[in-house]
A.B. asks: 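The structure that follows is given in the form of structure tokens.
Order of appearance sets the numbers: ligands from 1, and atoms from 1 within every ligand. What's counted below: heavy atoms across the whole structure, side chains too, no hydrogens, waters or symmetry copies. All of these numbers come straight from a predicted model, not from anything done at the bench.
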Amino acid sequence: MPITLLLAATLIPMPSSVQFSEGSLEAKTAKVSYAQESSIPSEGYRLSVNKDGVKITSSTPAGKFYAEQTLEQLKENGKIKFAEIEDAPRYSWRGAMIDDCRHFFGKENLKRVIDLMAQHKLNRLHWHLTDDQGWRIEIPGKPKLTQISAVRAASPRYGTRPHVNMKDISPYLNDEKYGPFFYTEADIKEIIAYAQSKHITIVPEIELPGHFYAALAAYPEFACFPERMKGKGPLCAWGIEKDVLCLGNDNAIKFLEEVLDYVCKLFPGDVVHIGGDECPTVRWKDCAKCKNRVKQEGMKDEHDLQPWITRRMVKFLEERGKRALGWDEYLLGDVPKSAIGMSWRSRSGAGAGHKFLKPEECVSRGHDMVMTPCTHCYFDYNQRIKNDPFQYIGGNITLEKVYSFDPSAGIPENLKKHILGGQCNNWSEYTFNKFDLEWKMWPRTCALAEVLWTGEKRPGFDDFKRRMKNHRTRLINQRVNCAPLE
Ligand code: ACM
Ligand code: ZN
């Protein structure tokens, strides 16, 4: 193929196999025909553009949808180039996580995220709905979760990143309260349907047993020491909170199960995320109820409580037809191998005082894993571009670094099947609004999409950058607040 034809291609993510030839169709009048062929992998497709028109062949509606996304990108200056494309994804889990708790983005912004994910053939939206700083999902029969847990007394002013002890955050706070911000059942159903129309499965996350402070502010009776919660609301500062769900209290567990039961009914997807990260055990150590639980269940000490609740919730979800997913700490201890892990900690340092569980260890125990290491996938980390006006949390993740991500790195060949894929995590402590969110997500999510879709067949960063220059214009034409490449 002449090199000029290859260079003309600005597809992102790059398909597994592309052959261009001389000639093109008028985009406006091109006829598109569809065919089904069961031998084509699910989500895969064949796309032919020649003088007879456009032909899309697939085995599933998702494959057809992805072919249409590619077709959109083939349209340039009113023409569609002649091409033969065969394509299928490397990984089945191609995701993005949105933290709607630290800052709230709302329905229209989420739909926008969904639109852009779909254009890049991403298929999992992990929705971080509950945390210490806010509870964002209305639960029938639990009105205080929206009246109290969905509103915090104040929030850091736009653009602030106080390099101070977060306990002394008061000089940096706005005067007014933040919220109430939450999604109703109708909102959630609308977002689910919208995502489904674009072949995206929503994975709701209900954090437990840590990162639960917003709920405890409304229902202090479910904390180990209710008196500590007196007059408290969701936290205004970020960090790791010691007041967590009391696992010795049967009513607290019942509360959790009622929430999860509702979540299982509301969300049609196959996976529910139950958090599990950064859960200190100090309150459990001193709590009479928790100590009693440890004794009754024949546990060694309070460190066995988290695996105990994880086992119980994994089973609870399985009884409702769902698989449990959680941050990698939740796999520590005796946890069934049906539990999926989300590997987030870097190899260079353990997080939150927990032993670091290497991804290769997790897969060797039989867990499926979604890879989202903070070294490559945390898009709230600095992207290191010139004159960047947005504020970041610590750490650097350039576009090139994202492109170099290998979700299966270090995994023995026979266990690679357990690596489902990966996702970017868009934590929002310092991501204040949709402009900020888009700037941090794009173009880095384009690089991630190519890692997850094209996998090892991707052509290399220089070629990606060349295509990305054009693709960025495509995004900007849709008014995406896409950051520059460097
Ligand atoms: C995490 O970043 N705490 C999962
Ligand atoms: Zn307790």
A.B. asks: Verify side-chain contact (heavy atoms from CB on, under 4.5 Å) between Tyr219 and Met229, making sure each step is shown before the conclusion.
C.D. replies: CA-CA 9 Å; Tyr219 296 92; Met229 304 303 302; over 6 Å; no
A.B. asks: For the ring pair Tyr378 and Tyr392, is the centre-to-centre distance below 6.0 Å?
C.D. replies: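 No - the distance between ring centres of Tyr378 and Tyr392 does not fall below the 6.0 Å cut-off.
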A.B. asks: Which ligand 1 atoms are under 4.0 Å away from a heavy-atom of Trp427?
C.D. replies: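 Selected atoms, number and element: 1 (C), 2 (O), 4 (C).
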A.B. asks: Roughly, to 10 degrees, what angle do Cys246 atom SG and Cys224 atom SG form around the Zn ion (ligand 2)?
C.D. replies: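 An angle of 110° at the metal.
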A.B. asks: Using the six-membered ring of Tyr403, assess whether NZ or CZ of Arg458 lies under 6.0 Å from its centre and within 45 degrees of the ring axis.
C.D. replies: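 Yes, cation above the ring, under 6.0 Å and within 45°.
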A.B. asks: Taking the six-membered ring for Trp, are Trp442 and His120 closer than 6.0 Å centroid to centroid?
C.D. replies: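 Yes, close enough.
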A.B. asks: Please determine if Arg94 forms a cation-pi arrangement with Tyr66, meaning its NZ or CZ atom is less than 6.0 Å from the six-membered ring centre and no more than 45° off the ring axis.
C.D. replies: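 Yes; both conditions hold, so Arg94 lies above the ring face of Tyr66.
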A.B. asks: Is Trp344 close to ligand 1, meaning an N/O of one under 3.5 Å from an N/O of the other?
C.D. replies: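 The answer is no, given that Trp344 and ligand 1 share no N or O pair closer than 3.5 Å.
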A.B. asks: Short N/O distance, under 3.5 Å, between Trp327 and ligand 1?
C.D. replies: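 It does not: no N or O of Trp327 is found under 3.5 Å from an N or O of ligand 1.
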A.B. asks: Hey, are Lys254 and Asp250 close enough for a salt bridge, meaning a charged N less than 4.0 Å from a carboxylate O?
C.D. replies: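 Judged by the 4.0 Å cut-off on N to carboxylate O distance, Lys254 and Asp250 do not form a salt bridge.
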A.B. asks: Quick test: of every protein heavy atom, which one is nearest to atom 2 (O) of ligand 1, and how far off is it to 0.1 Å?
C.D. replies: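 For atom 2 (O) of ligand 1, the nearest protein heavy atom comes out as Tyr378 OH, 2.6 Å.
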A.B. asks: Name the closest protein heavy atom to atom 3 (N) of ligand 1, giving the residue it belongs to and the distance to 0.1 Å.
C.D. replies: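 Protein heavy atom at minimum distance: Asp277 OD2, 2.7 Å.
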A.B. asks: Tell me which part of Glu278 gets within contact of ligand 1: side chain, backbone, both or neither, using heavy atoms under 4.0 Å.
C.D. replies: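 Side chain only; the backbone of Glu278 stays clear of ligand 1.
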